[in-house]
Protein chains: 4
Amino acid sequence: MATLQKSIDKRNALIKATIELVNNNGFHATPMSKIAKMAKVSPATIYLYFENKQDLVNQTYIEVKAAYTAYAFATYHLNMPVEEGFETIWKRIADFKLKDCENAMFLAQCDNTPMIDEPSRQEGIKHLEPLLELWARGKKEGIIKPISDYLLYAYAINPLSFLMMSAKRSAFTLDKTHMEEAYRAAWNSIRVIK
Amino acid sequence: MATLQKSIDKRNALIKATIELVNNNGFHATPMSKIAKMAKVSPATIYLYFENKQDLVNQTYIEVKAAYTAYAFATYHLNMPVEEGFETIWKRIADFKLKDCENAMFLAQCDNTPMIDEPSRQEGIKHLEPLLELWARGKKEGIIKPISDYLLYAYAINPLSFLMMSAKRSAFTLDKTHMEEAYRAAWNSIRVIK
Amino acid sequence: MATLQKSIDKRNALIKATIELVNNNGFHATPMSKIAKMAKVSPATIYLYFENKQDLVNQTYIEVKAAYTAYAFATYHLNMPVEEGFETIWKRIADFKLKDCENAMFLAQCDNTPMIDEPSRQEGIKHLEPLLELWARGKKEGIIKPISDYLLYAYAINPLSFLMMSAKRSAFTLDKTHMEEAYRAAWNSIRVIK
Amino acid sequence: MATLQKSIDKRNALIKATIELVNNNGFHATPMSKIAKMAKVSPATIYLYFENKQDLVNQTYIEVKAAYTAYAFATYHLNMPVEEGFETIWKRIADFKLKDCENAMFLAQCDNTPMIDEPSRQEGIKHLEPLLELWARGKKEGIIKPISDYLLYAYAINPLSFLMMSAKRSAFTLDKTHMEEAYRAAWNSIRVIK
DNA sequence: CATGAATGAGGATTCATTCAT
DNA sequence: TATGAATGAATCCTCATTCAT
C-alpha cells in the first residue's frame, strides 16, 4: 500500500515537473536531469517509470489530455438540447483553460509542435468524441452549420488556446466579461444564422 | 555587386534551411550543422551572418513575419469600407497559408513555443497595425463588435493557423469551399449581428 | 534441506545465466540485471551469493574450470602408459568441448581476455597438475619432447579451443573424423619422432 | 599537406590508444574519454574519424590485421618450395608476435571475443589467402596432410597466440630456442610423416 | 533469505561555437 | 569572406550496487 502510493506520487511528481519545465523551456530545452531534480528523484529513477524521454512526454500528454476532456464533459448530458450542450461543454473547457492554466498550456504546446509522436496524438483525439456527436446532432437539427468538424473546432474551440496563451504572455486578461464575449463569438461562428 | 549578391544568397539559403528544418523537427532538434549543410555552407559561416542560433531563428521569424504581413496587406486600401477591407485582408492571409505553407507553418510553430525571444515577438506583432486600425474603424462604425483585439484576432484570424496545421497533418483538405465557409465563420464571429 | 537445496539451485542458476550471457555478449556487455532476470532472481539476490560482479565471474570461471578438468581426468589412471594416458585425456577434453560447448566457450573467452583476475586464473591452472605429471613422465621415458610445458600445451591442447570457436562461428563442423585428425596432429607435435 | 598529415597523425594516435587500452582493459572497459585523453584529443574529435565506438574497434582491427598479414607474407615468394615457404611465413608471424606484441595481443583478443562485428572479421580473414594457397599446393604435392585448413591453422599458426599470451602473463619467455622448438612442433603437426 | 525500488557515477554521443588557415 | 577541423560542455541513458521492507 504505502509503497504503491509512493510510486504513484513519484510518477505524478515527474509528470508535473515535465509539464512545468516543458511549458517554460520547450521539450528539447528541458533535460531529464532537471525534471528529476524538480521531482526530487534521481535521473535514473525516471527510467523506472518511463521508457525514455519521448515516452515521458507522450504519457504526460495523454494523461493531461484525458484530464482535460474528462473535465470538459463532466457536466454535459446527452439529453441536453444542442445549444445548451454546447454552452455547457464550451464553458467547462474555458474554465479548464483559466484554472488549470499549466496543463492547458502544455497541451497547446504539444498540439503545435512535432514533440508528441503520432500514436499518442491520435490517442489524445479519441476523447473528443462526445463533442463531435453533439455537433452531428446539431447539424441534423439545423442548428449547427453543416461544415467540417475541423472548421467547427477551429472556430468554436481552438481560439480559447490562443486567448489563454495571450493572457499568459501579454497584458491581456481573460476575465468573466471576455469569456462571455468569446462564447458569443464561438457560438456565432458555428450556429446557423437565420 | 556579385559578392554582395552572393552574401545575400547565402543569408537567404540559411533562412530557408532554418525554416524547413525547424518545421520538420522543431527548434532544438535542428542542429546548426544540418542548417549549414542544407544551405551548402560551412557551420562557421553561419556565424558571419548571425550572432548565434537564437539570433538566427529570431531573424528568420521577423523576416517571415514581415513577408507574411506584407502579403496580407498588399491589396488592402485604407479607403475600403470595413467589411470589404476585412474580407480583402482575410483572404490574402488565407491565401498565404495555403500557398506559402512552409512559411506559415514556421510562424505557427514560433507563435506556440518558447522558441522566439520576447523582443522579436513584439517586433513581429508591430506589422499587424493596419488590421487593428481597420477593426478600430469597424468598431466606431458599429460594424465590428466592441471587444478586445485579442478576441477579434482569436476568432477572425487565428483559426486559419489551426486549419492549416490540420491540413498538414490529417486527411482534412483546405479547399475553396472550406475557405469560403471559414470566412463566413470568421466574419460572423466578429461582426455585430443585428 | 529443502531451503539449502533452493539456495544451491539459485547459485547454479546464476552461474548458468552468467555463462550464457557472457558467451553471447562478453563480460562488460552483460548487466547484472540481465543475469538476475535469466536466473529468475532479483538483482539484489546476486549479492547474497557473490560479493560483486567480478567475484561472480571469478567464481563461475573457477567452477567451470574445475568441472572441465574433472571431466578431462575422469577416465585417466596414473598407471596408464604415457601415450594411452595422453590419448585418454585428450579425447576427454575434446569430448568436453564438443558436448559441453557452452562451458568450453566460456573458458576460452576467459582465457583470452582481461576479464578474470590473476588469482582466479592461477586457481584454475592448478587442476591441470595430472597432465603436467604425465608429460614429465613422458619426457623421462623419451616419449614426449623435452620442451617447456607451455609449448606442449600450446600444441597439444590449446588448438582444440580454436577449433571449437571456429565450429561455433563458421561453417566448419567438428565431427569424428576431424577429431581423429586433430588428435594425430596433437600427438605428432609433442611426441618424439624417431 | 600539413593539415592532412595532422589528420593522419590524429587518426593513428586514436588507433594506437585504442589498442593499448583495449589490451589492458578489454573493449567495454575502455571508455571513449580515455581513448581521447591518451590520444591527446577531445572526445568529440573521435567522431570526426570514426562513426562510433564499434566502428573505431572494427577499423582498428582491420588495420592491425592488414599490417600483420603484410608483415607475415613480406618475404614469401610463390615459387618457394612448400616447406621453405611455410617456414618463411611461420617465422615472420612468430617474429611479429614477438616484436609487435601490442598489436598481436590486440588481434588475439579480437579473435576470441564478440567484440568485432562479423563483416570486419571476414574482411580480416581475406588477407590470409596466400597461406591457404601454399597449403593447397602442399597437399597436392603430398607434403601437407590432406585435412581441413581449419585444422592446419589450429595446429600450425594458432598456438603462437597462446604462447605469446602466456609470455605476456607468466614467467614463460619466448626465446629463440623456444621458437625453434615451436616451429618443429608446428611443422610436425601438419606435414605428412612417412 | 529475498526482493523491487532507488540511485550516483559514468559512458557514448551530440552540438553550438571557435580557431587556424 | 569562408571554411573544415576541433572542442568542452551538455544530454540521454545504463548499470553495479544498496536499502527498506
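These figures come from a predicted structure and were not determined experimentally. Within every chain, numbering begins at 1; the chains are lettered A, B, ... in the order of the sequence lines, protein sequences first and strands thereafter.
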Chemist: Please report the closest heavy-atom contact between D:I116 and D:R121, naming both atoms and the distance.
Modeler: O-NH2, 3.2 Å
Chemist: Report yes if a side-chain nitrogen or oxygen of C:K10 is closer than 4.0 Å to either non-bridging phosphate oxygen (OP1 or OP2) of E:dA2; otherwise report no.
Modeler: yes
Chemist: Partner of E:dA16 by Watson-Crick or G-U wobble geometry, both contacts under 3.5 Å, or none?
Modeler: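 Here E:dA16 is engaged in a pair, and the nucleotide opposite it is F:dT7.
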Chemist: If you assign C:A29 and A:P31 each to the DNA chain F nucleotide with the nearest heavy atom, which residue ends up on the more 5' nucleotide?
Modeler: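 Result: A:P31.
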Chemist: Assess whether a salt bridge exists between B:R169 and A:D111, defined as any Lys/Arg side-chain N lying under 4.0 Å from an Asp/Glu carboxylate O.
Modeler: no
Chemist: Starting from the 5' end of DNA chain E, give me the residue, B:H28 or D:K34, whose nearest nucleotide shows up first.
Modeler: D:K34
Chemist: What is the distance, rounded to the nearest whole Å, between atom CG of B:L14 and atom C1' of E:dT17?
Modeler: 15 Å
Chemist: Tell me, which of residues 40-61 of chain B have any heavy atom that sits under 4.0 Å from an atom in DNA chain E?
Modeler: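 Output list: B:A44, B:Y47, B:N52, B:K53.
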Chemist: Could you tell me how far apart B:R11 (CZ) and F:dT1 (P) are, to the nearest whole angstrom?
Modeler: 13 Å
Chemist: So which heavy atom on C:M115 is nearest to which on C:V57, and how close?
Modeler: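 Answer, listing the atom of C:M115 first, then C:V57: CE-CG1, 3.8 Å.
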Chemist: When you compare the side chains of A:D9 and A:Q5, does any donor N or O come within less than 3.5 Å of an acceptor on the partner?
Modeler: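 Distance-only check passes for A:D9 and A:Q5.
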Chemist: Testing the 3.5 Å rule here: is there a donor-acceptor pair between the side chains of D:E20 and D:N24?
Modeler: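 No, no side-chain donor-acceptor contact under 3.5 Å.
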Chemist: Does E:dT21 have a Watson-Crick or wobble partner in any strand here, with both distances under 3.5 angstrom, and which is it?
Modeler: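 F:dA2 is the nucleotide pairing with E:dT21.
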Chemist: Tell me: CG of C:N25 to P of F:dC15, nearest whole Å?
Modeler: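 Spelled out: CG on C:N25 to P on F:dC15 is 11 Å.
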Chemist: Indicate yes or no for a side-chain donor-acceptor contact from B:N23 to the backbone of B:E102 under 3.5 Å, with no hydrogens or angles considered.
Modeler: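 Between the backbone of B:E102 and the side chain of B:N23 there is a qualifying donor-acceptor contact (under 3.5 Å).
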Chemist: Could you go through residues 25-39 of chain A and list every donor-acceptor pair under 3.5 Å that involves a side-chain atom there, pairing it with any protein atom two or more places apart or in another chain?
Modeler:
unit_1 : atom_1 : unit_2 : atom_2 : d
A:N25  : ND2    : A:L21  : O      : 3.2
A:T30  : OG1    : A:F27  : O      : 3.0

Chemist: In whole Å, what is the span from the CZ atom of C:F27 to the P atom of F:dA16?
Modeler: 8 Å
Chemist: To the nearest angstrom, how far is C:M32 atom CE from F:dT18 atom C1'?
Modeler: 12 Å
Chemist: Over how many whole Å does the gap from D:I35 atom CD1 to E:dG11 atom C1' extend?
Modeler: 11 Å
Chemist: Starting from P on E:dG8, measure out to NZ on A:K37 and report it in whole angstrom.
Modeler: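 Nearest whole value for this atom pair: 11 Å.
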